[in-house]
Amino acid sequence: MPSIAIVGAGPGMGLAIARTFGSHGFDVALIARNRTKLDDLVARLAADGITAAAFPADVLDRDALTRALERATAHVGGIDVLEYSPVGGLGSTVLTAPSETDPSDVQHELQFQLYGAIAATRAVLPAMREAGTGTLLYTTGAGSIDPVPQIANVNAAAAALRNWVINLHKELAGTGVQAAHVAIDVSVDTPAFPGAPTAPAEEIARVYWDLHTNREDPETIFTTETPWAAVAPPAPH
């Protein structure tokens with residue numbers, strides 16, 4: 001059976017991506033910090049007839065993340081698709097406007113978004129290269145492309161991840177391994193603020209399957225007629 005490892009798995013996009021790939025016959029390895037929440041996702045997927053297993057790890061602990069992916073690889077017999085999309089909680093994510101951003105504000109986000117993605121990739125890419133096939137998918141908000149002042153530090157790190165992914169896509173050309181970036185320009189399931197453009201996770205998840213099966217595109221932007229940045233509340237002063 002083919003398999004997908006989802007880093008940052010949660011009840012929104014992570015579960016929707018798991019269901020999308022699981023419906024196409026994939027086994028699912030779920031990686032996130034909270035074991036109890038992961039076990040709940042495993043049970044929900046099992047109810048849908050999808051085989052899944054939990055491998056707890058914090059993306060900020062890169063050694064633990066690597067070990068989790070190694071355990072997942074051994075459990076499912078190899079990772080065919082890696083999807084990286086951890087989301088920080090409100091208690092752990094400081095949001096800053098450009099002029100108020102301290103280097104430490106960006107450093108935390110770089111560790112969370114870019115460095116974690118690099119560690120996860122290094123754990124699975126060698127086997128993909130050897131097999132001559134594989135898919136690496138990475139998620140950010142659309143601020144990685146069109147930044148908004150309210151979340152300047154998050155956007156800066158997301159833009160760094162996007163740059164690295166597109167560069168990885170270029171490096172891997174002709175190897176059979178695909179790297180691609182998904183920029184989500186909507187709130188997922190629930191509006192982040194009144195009037196925010198919103199889409200169900202299940203609809204967005206189909207983009208990931210399309211990128212996996214269409215091995216040409218390095219990037220997809222999921223958006224609506226009204227971009228998120230156009231209706232976002234003003235940055236605090």
Side-chain angles (χ1 to χ4, degrees), residues 1-60 64-65 68-69 71-73 75-76 79-93 112-113 116-117 120-121 123-124 134-142 158 161 180-192 196-213 220-224 228:
M1 297 281 286
S3 64
I4 180 171
I6 300 173
V7 179
M13 283 307 310
L15 180 60
I17 293 168
R19 282 174 167 156
T20 296
F21 279 79
S23 70
H24 288 89
F26 276 65
D27 289 341
V28 180
L30 301 171
I31 298 173
R33 288 177 296 178
N34 189 301
R35 178 71 194 227
T36 301
K37 292 180 180 179
L38 287 178
D39 287 343
D40 178 66
L41 296 181
V42 169
R44 293 169 70 177
L45 290 168
D48 294 334
I50 297 169
T51 301
F55 303 90
D58 187 338
V59 298
L60 293 176
L65 175 57
L69 283 163
R71 293 195 305 273
T73 298
H75 181 82
V76 299
I79 302 298
D80 299 283
V81 179
L82 171 71
E83 194 279 322
Y84 185 88
S85 58
V87 176
L90 293 177
S92 63
T93 303
F112 191 72
Q113 298 195 56
T121 303
V124 301
T135 300
L136 304 161
L137 302 172
Y138 308 84
T139 304
T140 71
L161 175 56
H181 169 243
V182 179
I184 299 178
D185 194 25
V186 297
S187 295
V188 179
D189 291 330
T190 304
T198 305
E202 290 77 9
E203 180 180 347
I204 303 170
R206 291 196 289 269
V207 167
Y208 293 79
W209 181 255
D210 291 343
L211 280 171
H212 170 60
T213 55
T220 290
I221 304 170
F222 187 97
T223 189
T224 62
W228 192 93

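It should be emphasised that the depicted structure is a prediction, and the values quoted were computed from it without experimental measurement. Just so you know, residue 1 is the first one in the sequence shown, and it goes up from there.
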Query raised in the report: Which pairs with one or both residues in residues 28-49 pass ring-ring contact (aromatic ring centres under 6.0 Å, His included), sequence neighbours excluded?
Result: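 Found none.
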I'd like to check the side-chain contact (heavy atoms from CB on, under 4.5 Å) partners of [X]; sequence neighbours left out, ordered by chain and number.
| X | answer |
| --- | --- |
| Asn34 | Thr36, Lys37 |
| Val207 | Val182, Leu211, Thr220, Phe222 |
| Ala29 | Ala5, Phe55, Ala72 |
| Thr73 | Ile79 |

Looking only at heavy atoms, which two atoms of [X] and [Y] are closest? And how far apart?
| X | Y | answer |
| --- | --- | --- |
| Gly25 | Pro2 | O-CD, 3.7 Å |
| Pro86 | Phe112 | O-CE2, 3.5 Å |
| Leu38 | Ala54 | CB-CB, 3.6 Å |
| Ile4 | Glu83 | CD1-CB, 4.3 Å |
| Gly116 | Leu65 | O-CD2, 3.5 Å |
| Ala9 | Ala32 | O-CB, 3.5 Å |

Query raised in the report: Partners of Tyr138 by ring pair (Phe, Tyr, Trp, His ring centres under 6.0 Å), sequence neighbours excluded?
Result: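 So Tyr138 forms a ring pair (Phe, Tyr, Trp, His ring centres under 6.0 Å) with Trp164.
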How many angstroms lie between atom [atom1] of [X] and atom [atom2] of [Y], to the nearest 0.5 angstrom?
| X | Y | atom1 | atom2 | result |
| --- | --- | --- | --- | --- |
| Phe26 | Thr51 | CZ | OG1 | 13.5 Å |
| Leu82 | Thr121 | CG | OG1 | 5.5 Å |
| Asp185 | Thr223 | CG | OG1 | 3.5 Å |
| His212 | Leu136 | NE2 | CG | 11.5 Å |
| Tyr208 | Thr213 | OH | OG1 | 14.5 Å |
| Glu202 | Ser23 | CD | OG | 11.5 Å |

Which residues pass the side-chain hydrogen bond (donor to acceptor under 3.5 Å, both in side chains) test with [X], sequence neighbours left out?
| X | answer |
| --- | --- |
| Asp40 | none |
| Arg35 | Asp39 |
| His181 | Thr140, Glu219 |

**Report entry** Any donor-acceptor N or O pair under 3.5 Å, side chains Ser3, Asp27
**Finding:**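 Not at all, the side chains of Ser3 and Asp27 share no donor-acceptor pair under 3.5 Å.
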Under 3.5 Å, which donor-acceptor pairs link side chains of residues 11-20 to any protein atom two or more places apart or in another chain?
from	atom 1	to	atom 2	distance (Å)
Arg19	NE	Asp48	OD2	2.8
Arg19	NH2	Asp48	OD2	3.4
Thr20	OG1	Ala16	O	2.9

Query - Close side-chain approach of Ile6 to Val28, heavy-atom, < 4.5 Å - result: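 The answer is yes; the side chains approach within 4.5 Å.
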Query raised in the report: Do the non-hydrogen side-chain atoms of Thr139 and Ile184 ever get within less than 4.5 Å of each other?
Result: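 Yes; the side chains approach each other to less than 4.5 Å.
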**Report entry** salt bridge (charged side-chain N to carboxylate O under 4.0 Å, His left out) contacts in which one or both residues fall within residues 3-12, not counting sequence neighbours
**Finding:**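 Found none.
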**Report entry** Residue pair Asp80, Thr135: steps toward the side-chain contact (heavy atoms from CB on, under 4.5 Å) verdict
**Finding:** CA-CA 6 Å; Asp80 299 283; Thr135 300; over 6 Å; no
